[in-house]
Visitor: 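Here you go, one structure.
Quantities reported herein were computed from a predicted structural model and do not represent experimental measurements. Atoms within a ligand are numbered from 1 in the order they appear, just like the ligands themselves.
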Amino acid sequence: MKTHLLTMSQALIRAMIAQKIETDGEVVPFFKGVWAIFGHGNVAGLGEALYEKRAEIPTFRAHNEQGMVHAATAFAKAQRRQQVMACTSSIGPGALNMVTGAAVAHVNRLPLLLLPGDVFANRIPDPVLQQVEDFGNGVVSANDAFISVSRYFDRLTRPEQLIPAFHQAMRVLTDPAECGPVTLSLCQDVQAEAFAYPDAFFREHIHRIRRQAPDARELADAVTLIRQSRKPLIIAGGGVLYAGAEQTLAAFSHAHGVPVGETQAGKSSLPTAHALNMGGIGVSGGAAANDMAQEADLIIAVGTRLQDFTTGSWGLFKNPDMKIIALNVQPFDAVKHDSVPVIADAKIALDQIAAALEGWKADAGWTQRAQAARQRWLETADTYQAAPKEEALPTDAQVIGAVQRVAEPTDTVVCAAGGLPAELQKHWRPAQPGGYHMEYGFSCMGYELAGGIGVKMAQPERDVIVMVGDGSYLMLNSEIATSVMLGQKLIIVLLDNHGYGCINRLQQATGSAPFNNLWVDSQHMAQFPQIDFVQHARGLGALAEKVASLPALSEAILRARKADRTTVILIDTDPKPTTEEGGAWWDVAVPEVSSRPQVHKARTDYERARGAQRIGN
Ligand SMILES: Cc1ncc(C[n+]2csc(CCOP(=O)(O)OP(=O)(O)O)c2C)c(N)n1
Ligand SMILES: [Mg+2]
């Protein structure tokens, strides 16, 4: 048997280079590159191996491990899970900084390869710097924290373990149902240890993402249910985009007169102009989709996890006879809420269902109502986006309107947390599939700027517009410097409302006093914050300007498009108003006991709302 004497690190990097993927008939490297921040846990082992192969697989330097994981995760999302990145860190703090990012990828079902350094397998120098010591368990390591946020976890304590571990890693990274973060925790000494790896381990491997066809009986059950329904509604989740099923969905909706509501991950499945695109559904959705959802007798849930923001914490659907068909590659999702499962790829299954439904249409009245509801909602949304009176601070919706007025069909808007996700789900009008990149599975503050880099790396020909609140910006902004260094240009619109506007609103909606969210409501303050975001962004190497009006914002975006690097455009906004219409109830537990009458009232309302919650289905 032909073998190659290599360190475990060298073998890993060579095996990664050998992985290819066939997408749209083209064969490309499966691993786009490796994000790295070195320390004693990886600099000598993996660092040396990456240097050796730097011409074949690029290494990108970041400023914060969490940030680099967000960039890698966003890249995989923008590539619709067809291509991934890896991230390597030192042991201890560097590794644990990646855990939050791992959770983002885990919740959002996005493939990602994490390579944190780990303690010495031989344990001779124990405890090494940054090693966590457990008094009663010799195998505990800080990296155990990855276990709960990895779809596959392995700790390599011998170099030859890489072979089976890598095969399992590739299985998970390329499986549409299982995919998520894979953590190979690499003991520092093992990274540097050699083994005679078989030649076959480095052979080119061309992957193709599996498209699972539905079981014939599951398909038949779903078709029967659809034929029996009069008021069906499709919920389009991220799975539509990952399956590349947007045209199939558009044709299905059109042929059968079935309206479509979009989740945060599924938004931009249909172009805004599609006659039966109801827009966003759920807590942060619009009035059109939510009105239809209340009455629907059948929900066809395509590629969605049915999280609480989609189902209004299961208070949204009011028709007592409503049934759910869950079309999903992942059985875990397909059985939720007693759904009728169709375990399959969205594109294949929608095509097959459409063929079996030949000639069938939803009630004409239902379809017409949907079209009218959609029109009404777009008109309502227009009024929210319209420019404010001169003296008033703009709202988030008005800022979105100003960005939209100068948007190109090819733009991708990126966001994750704060008040913006709800306003964007209601107001952003994507012209093309994939033009809306929202991380709303973990809604992780700090994803926006770093994630934008990953999106730009996936879509270099598109302008990437990151919309971010002051809170998220302050939480993680160091990757602005990375975007400048790597030439991955972002247009960042920073909405400064002086604090955590959305949580402040939520706090008061649950009867609490304004407390500890907006800067002005912070208790212990020697000085009111005077943060100069423009100087800060310039300090990191970006271009930056503050605008005083919405027309000035639109103009600044046009300037930023022409700029050679990342631009931060700052605008002050009003933390209070949001779009009232649309939106569904969200279950946020209100205290049963309080000294404040506002909380008593909120509790009474809360209990009433819970009475309308669908349990189990
Ligand atoms: C890492 C993280 N911490 C806390 C939260 C809870 N949270 C959600 S939004 C938010 C405030 C966001 O503030 P900002 O970015 O300024 O947006 P705004 O609410 O003002 O629109 C907080 C604290 C979160 N989602 N992520
Ligand atoms: Mg804010």
Visitor: Going by the order shown, which atoms of ligand 1 are within less than 4.0 Å of some heavy atom of G501?
Guide: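 In order of numbering, the contacting atoms are 18 (P), 19 (O), 20 (O).
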Visitor: Please give me the minimum heavy-atom distance between N64 and I37, naming the atom from each residue.
Guide: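 The pair with the smallest heavy-atom distance is N-CD1, 3.5 Å.
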Visitor: Step through the shown structure and confirm whether more than 12 heavy atoms of other residues, nucleotides or ligands are within 6.0 Å of NZ on K336.
Guide: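 Atom NZ in K336 is crowded, with more than 12 foreign heavy atoms closer than 6.0 Å.
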Visitor: So with a 6.0 Å cut-off around CD of E592, is the heavy-atom count from everything else above 12?
Guide: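 Count not over threshold, so no.
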Visitor: Which option wins on minimum heavy-atom distance to atom 7 (N) of ligand 1: R505, M445, E423, Q66?
Guide: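 It is M445 that holds the nearest heavy atom.
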Visitor: Of all heavy-atom pairs between W377 and A288, which one has the smallest distance, and what is that distance?
Guide: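 For W377 and A288, the tightest heavy-atom pair comes out as CB-CB, 3.8 Å.
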Visitor: Go through it in stages, so that I can follow the logic: the residues are S141 and D118, the test is side-chain hydrogen bond (donor to acceptor under 3.5 Å, both in side chains), and I'd like the CA-CA distance, side-chain angles, deciding distance and then a yes or no.
Guide: CA-CA 8 Å; S141 140; D118 209 332; 2.8 Å; yes
Visitor: When you compare ligand 1 with G499, is there at least one nitrogen or oxygen pair between them that comes in under 3.5 angstrom?
Guide: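 Checking ligand 1 against G499, an N or O pair does fall under 3.5 Å apart.
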Visitor: For R559 and E545, what are the C-alpha separation, side-chain angles and deciding distance, and is it a salt bridge (Lys or Arg N to Asp or Glu O under 4.0 Å)?
Guide: CA-CA 11 Å; R559 271 194 296 282; E545 60 178 300; 2.8 Å; yes
Visitor: Specify whether F528 and W519 have parallel, tilted or perpendicular ring planes, treating 30° as the upper limit for parallel and 60° as the lower limit for perpendicular.
Guide: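 Because their plane-to-plane angle is over 60°, the rings of F528 and W519 count as perpendicular.
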Visitor: Side chain, backbone, both or neither: which part of N497 has a heavy atom under 4.0 Å from ligand 1?
Guide: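 The side chain, only.
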Visitor: Report yes if some N/O of G419 lies less than 3.5 Å from some N/O of ligand 1; otherwise report no.
Guide: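 In this structure, G419 places an N or O atom under 3.5 Å from an N or O of ligand 1.
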Visitor: Under a 3.5 Å threshold, yes or no: a donor from one side chain and an acceptor from the other, between Q294 and N290?
Guide: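 Their side chains do not contain a donor-acceptor pair, so the 3.5 Å distance test is not met.
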Visitor: Between S313 and D587, is any side-chain donor less than 3.5 angstrom from a side-chain acceptor?
Guide: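 Not at all, the side chains of S313 and D587 share no donor-acceptor pair under 3.5 Å.
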Visitor: Do any nitrogen or oxygen atoms of C502 lie less than 3.5 angstrom from nitrogen or oxygen atoms of ligand 1?
Guide: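 Such a contact does occur with ligand 1.
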Visitor: Quick check: G471 and ligand 1, any N/O pair under 3.5 Å apart?
Guide: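 Min N/O separation from ligand 1 is below 3.5 Å for G471.
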Visitor: Do D396 and ligand 1 have an N or O pair less than 3.5 Å apart?
Guide: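 It does not: no N or O of D396 is found under 3.5 Å from an N or O of ligand 1.
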Visitor: What protein heavy atom lies closest to atom 15 (O) of ligand 1? Include the residue and the distance to one decimal.
Guide: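 For atom 15 (O) of ligand 1, the nearest protein heavy atom is S472 N, 2.9 Å.
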Visitor: Quick one: which ligand 1 atoms are inside 4.0 Å of a heavy atom on G469?
Guide: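 Taking each heavy atom of G469 in turn, ligand 1 has 14 (P), 15 (O), 16 (O) under 4.0 Å.
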Visitor: Please state whether the rings of Y473 and F533 are parallel, tilted or perpendicular, taking 30° and 60° as the class boundaries.
Guide: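 Rings of Y473 and F533: perpendicular, over 60°.
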Visitor: Give the residue, atom name and distance (to 0.1 Å) of the protein heavy atom nearest atom 17 (O) of ligand 1.
Guide: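 For this ligand atom, the closest protein heavy atom is G418 CA, 3.6 Å.
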Visitor: Taking a cutoff of less than 4.0 Å between a non-hydrogen atom of the residue and any ligand atom, is S443 in contact with ligand 1?
Guide: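 For ligand 1, residue contact (heavy atoms, under 4.0 Å) with S443 is present.
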Visitor: Between ligand 1 and I503, is the shortest N or O to N or O distance under 3.5 Å?
Guide: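 No, there is no polar N/O contact under 3.5 Å.
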Visitor: For T573, which of L494, V399, T395 qualifies under side-chain contact (heavy atoms from CB on, under 4.5 Å)?
Guide: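 Exactly one option meets the side-chain contact (heavy atoms from CB on, under 4.5 Å) with T573, and it is V399.
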Visitor: Would you check whether M475 has a nitrogen or oxygen atom less than 3.5 angstrom from a nitrogen or oxygen atom of ligand 1?
Guide: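 Between M475 and ligand 1 (N or O atoms, distance only) the closest approach is not under 3.5 Å.
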Visitor: What protein N/O/S atoms are found closer than 2.8 Å to the Mg ion (ligand 2)?
Guide: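 Within the sphere that stays under 2.8 Å of the Mg ion (ligand 2), the protein atoms of type N, O or S are D470 OD1, N497 OD1, G499 O.
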